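Numbers restart at 1 for each chain; the letters A, B, ... are given by sequence-line order, proteins then strands. The shown structure was predicted, so the numbers you read here are calculated from the model rather than taken from an experiment.
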Amino acid sequence: MPELPEVETVVRDLRPLLVGRTIRHVTVGSRKLRHAWDSAWDAALSGAKVRAIRRRGKWILVDLANGSTLLLHLGMTGQLTVHAAKDEVADHTHLRFALDRGKDELRFRDIRRFGSATLFATQAELDAFLNARLGPEPFGLDPAYFRDLLKTTRSLKALLLDQTALAGVGNIYADEACFLAGVHPGRAANTMTHGESETLRAAIETVLTNAIEGRGSTIRNYVGGSGLKGSYQNRFNVYGRTGQPCPTCGGVIQVTTLAGRSSHFCATCQPPPRRSKNSTRVAGRPTADRGRKKG
DNA sequence: CAAGCACCCTGTATGC
DNA sequence: TGCATACAGGGTGCTT
C-alpha cells in the first residue's frame with residue numbers, strides 16, 4: 001500500500017488519537033509479521049506514555065516517554081487504526097495496543113504480513129537503523145543535491161524507488177512525478193539536463209503534496225489512521241491507466257517494467273530513451289515473482 | 001555499481 | 001464451479 005502520502009496521512013490521523021495516551025498492554029497474534037514480535041517488548045511498552053508520532057520515509061515512529069520508540073512499517077497492506085476495544089477484531093489483525101484504561105486500542109492489521117513492528121530502546125539505535133536505509137525526505141531538497149543524485153547510469157525509476165537516495169517515493173508517485181516532469185521513467189538519470197533535474201525535483205514535491213492533500217491513494221486495502229480511504233487515485237494521470245488516454249495529449253498510456261515494477265507513461269509527453277528499456281510489455285513477459293513454483 | 005530475480009505473504013481478477 | 005496463473009502500494013538479499 002503505502003507510500004509517503006499514505007503514511008503521512010496515517011500519522012496525521014493518529015496524532016490526536018494517540019499522543020498523551022498510555023499503552024496499557026499488548027496483544028500479539030499467532031502469526032508473525034516480517035519480524036517476530038519480541039515478548040520482552042510487552043513489558044517495555046506497558047505503562048509507556050506516547051510522547052509523539054511522526055513519519056520518516058515510509059516508516060511510522062511512535063515515540064514513548066521512556067525514551068524508546070515503536071517503529072512500524074505498513075508493507076503493502078498494513079493498516080494502523082484506533083478502535084473501541086469492543087469493536088469486532090478484523091481478520092489479519094496482528095497487534096493490539098490497549099490504551100489508557102482499555103476502552104480504546106491501537107490495532108495493526110496486515111493481510112500480506114510484509115509489514116513490521118519493532119521496539120527500539122534508544123534514539124541512537126533507531127537513528128542508526130533508519131540512517132542506514134533512508135536518504136533525505138523529498139521536501140525542500142537542495143537542487144544541487146538532487147542533481148548529484150542524478151549522476152548515475154541508473155534509470156530514473158530505479159533511482160526514485162531507491163529509499164537510500166530519497167525517502168518515501170514508491171511505485172505510484174514515481175510514475176506520477178515522471179509524468180508531471182515530462183520525463184520517461186526509463187531515462188538514464190545522467191542524461192537529465194539541469195532544467196529537467198529541477199523540473200523533476202519540483203514535480204516530486206508537487207505530486208506528494210497533492211497526494212497528502214487527498215489523503216493518499218486507495219487502490220485496494222489502504223485506509224488512514226481514522227479508517228478513512230484516500231482519494232488521490234482519482235487524480236492519477238498515468239498510474240494504473242494503461243490503454244487510457246493521456247490527460248494532456250490524448251495519446252494512449254503505456255506500461256513497461258522498470259526496476260522490476262510496472263511503470264506507466266505517455267510516450268508522447270515522456271519520450272522514451274533512444275535505445276533500450278522502452279519496449280512496452282508483452283503478455284507473458286516475465287517479471288519478478290512470476291512463474292515461481294509455489295511452496 | 002547496477003540490474004534482475006527470488007522471496008516474504010494473501011486476496012483478487014482473469015482465463016480456461 | 002473449479003483450478004491455475006498473474007498481479008498488487010515494499011524491503012531485502014543473492015546472483016549475474
Side-chain angles (χ1 to χ4, degrees), chain A residues 1-10 29-36 56-60 71-80 90-94 109-118 129-130 132-135 149-177 185-190 207-208 211-212 214-224 229-230 232-233 236 238-240 242 255-264 276-277 281-295:
Chain A
M1 100 175 197
E3 305 183 27
L4 186 154
E6 290 76 27
V7 177
E8 179 65 27
T9 300
V10 169
S30 56
R31 294 193 291 180
K32 76 177 175 82
L33 296 163
R34 172 173 290 278
H35 309 291
R56 177 77 173 90
K58 302 173 191 172
W59 297 84
I60 297 169
L71 180 68
L72 302 130
H73 197 291
L74 299 177
M76 296 275 262
T77 53
Q79 300 176 341
L80 193 63
D91 53 356
H92 304 293
T93 299
H94 306 296
R109 174 173 191 248
D110 184 2
I111 294 169
R112 289 174 73 177
R113 288 187 279 136
F114 286 174
S116 65
T118 321
F129 180 89
L130 292 177
R133 288 166 176 76
L134 300 178
L149 276 186
L150 296 178
K151 290 177 179 171
T152 170
T153 58
R154 307 173 77 184
S155 66
L156 292 174
K157 185 63 179 278
L159 185 66
L160 294 180
L161 291 180
D162 182 350
Q163 300 300 295
T164 67
L166 210 57
V169 177
N171 203 37
I172 291 176
Y173 301 109
D175 282 4
E176 292 296 322
R187 277 269 296 276
N190 62 6
V207 164
L208 295 176
I212 291 170
R215 298 185 47 82
S217 308
T218 294
I219 307 296
R220 290 182 182 77
N221 304 287
Y222 167 73
V223 293
K229 295 180 177 181
Y232 194 75
Q233 66 279 4
F236 288 167
V238 287
Y239 183 83
T242 309
V255 67
T256 187
T257 299
L258 292 164
R261 301 281 175 164
S262 291
S263 302
H264 310 76
S276 81
K277 293 175 182 168
R281 180 187 294 165
V282 177
R285 174 161 174 185
T287 61
D289 266 12
R290 193 184 293 178
R292 168 176 72 89
K293 290 192 174 172
K294 297 185 95 172

(request) Remember a base hit wins even if backbone is also touched, and classify A:T152 as base, sugar-phosphate or nothing at under 4.0 Å, heavy atoms. (result) sugar-phosphate
(request) Pick base, sugar-phosphate or nothing for A:T218, based on heavy-atom distances below 4.0 Å to the nucleic acid. (result) base
(message) Please report the distance, rounded to the nearest Å, between CG in A:D91 and C1' in B:dC9.
(response) 14 Å
(message) Here's a test of your reading of the structure: between A:K151 and A:F114, which maps to the more 5' nucleotide of DNA chain B?
(response) A:K151
(request) Could you work out which one of C:dG9, B:dA2, B:dT10 sits closest to the side chain of A:R154? (result) B:dA2
Just the table, please: protein N/O against nucleotides 11-13 of chain C N/O, every pair under 3.5 Å.
from, atom 1, to, atom 2, distance (Å)
C:dG11, OP1, A:H73, NE2, 3.1
C:dG11, OP2, A:K58, NZ, 3.1
C:dT12, OP1, A:R133, NE, 2.8

(message) So if I apply the side-chain contact (heavy atoms from CB on, under 4.5 Å) rule between A:W59 and each of A:L72, A:L134, A:L74, A:V7, which one comes out positive?
(response) A:L134
(request) To the nearest 0.5 Å, tell me how far A:I219 CD1 sits from A:I172 CD1. (result) 4.5 Å
(request) Scan side-chain atoms only and decide if A:E6 and A:Y173 contain a donor-acceptor pair under the 3.5 Å cut-off. (result) yes
(request) Would you indicate, yes or no, if C:dA8 has its OP1 or OP2 atom less than 4.0 angstrom from a side-chain nitrogen or oxygen of A:S262? (result) yes
(message) Identify the stems formed by DNA chain B, where each pair is Watson-Crick or G-U wobble with both distances under 3.5 angstrom and a stem is at least 3 consecutive pairs.
(response) B:2-8 with C:10-16, B:10-16 with C:2-8
(request) For A:L74 and B:dT10, give me the distance from atom CG to atom C1', rounded to whole Å. (result) 16 Å
(request) Write down the distance between CG (A:L166) and P (C:dG10), rounded to a whole number of angstrom. (result) 14 Å
(request) Quickly work out the A:H35 NE2 to B:dC8 C1' distance and round it to whole Å. (result) 11 Å
(message) How many whole angstroms separate atom CG of A:D175 from atom P of C:dA8?
(response) 11 Å
(message) Is there a side-chain contact between A:K157 and A:N171 in this structure, where contact means two heavy atoms from C-beta onward sitting under 4.5 Å apart?
(response) yes
(message) Using whole Å, what does the distance between atom C1' of nucleotide C:dA8 and atom CD of A:E3 come to?
(response) 12 Å
(message) Applying a 4.0 Å non-hydrogen cut-off, can you work out what A:R113 is touching in the nucleic acid: base, sugar-phosphate, or nothing?
(response) sugar-phosphate
(message) Once you apply a heavy-atom cut-off of 4.0 Å, does A:Y239 come out as touching a base, just sugar-phosphate, or nothing?
(response) sugar-phosphate
(request) Looking only at non-hydrogen atoms, find the nearest pair between A:S155 and A:G186 and report the distance. (result) CB-O, 4.0 Å
(request) On DNA chain B, check which nucleotide each of A:A158 and A:K32 is closest to and give me the residue with the more 5' one. (result) A:A158
(message) When you measure from the side chain of A:D175 to the backbone of A:H264, do you find a donor-acceptor pair of N or O atoms at a distance under 3.5 Å?
(response) yes
(message) Would you measure the distance from the P atom in C:dT5 across to the matching atom in B:dA6 and give it in whole Å?
(response) 15 Å
(message) Once you apply a heavy-atom cut-off of 4.0 Å, does A:I111 come out as touching a base, just sugar-phosphate, or nothing?
(response) sugar-phosphate
(message) Once side-chain contact (heavy atoms from CB on, under 4.5 Å) is applied, do any residues pair with A:T218, and if so which ones, sequence neighbours excluded?
(response) A:Y222, A:K229, A:Q233
(request) Give a yes/no on whether any side-chain N or O of A:H92 is located under 4.0 angstrom from OP1 or OP2 of B:dG11. (result) yes
(message) Between A:T77 and A:D110, is there a side-chain donor-acceptor contact under 3.5 Å, judged purely by atom types and distance?
(response) yes
(message) Quick check: any donor-acceptor pair below 3.5 Å linking the side-chain of A:R112 to the base of C:dA8?
(response) yes
(message) In this structure, how many angstroms lie between the C1' atom of B:dT12 and the OH atom of A:Y222, rounded?
(response) 21 Å
(request) Measure the NE2-OG1 distance between A:H35 and A:T118 for me, rounded to the nearest 0.5 Å. (result) 5.5 Å
(message) Quick check against the 3.5 Å criterion: does A:Q163 have a side-chain atom that pairs as donor or acceptor with the backbone of A:V169?
(response) yes
(message) Whole angstroms only, please: what is the CE-C1' distance between A:M76 and B:dT10?
(response) 11 Å
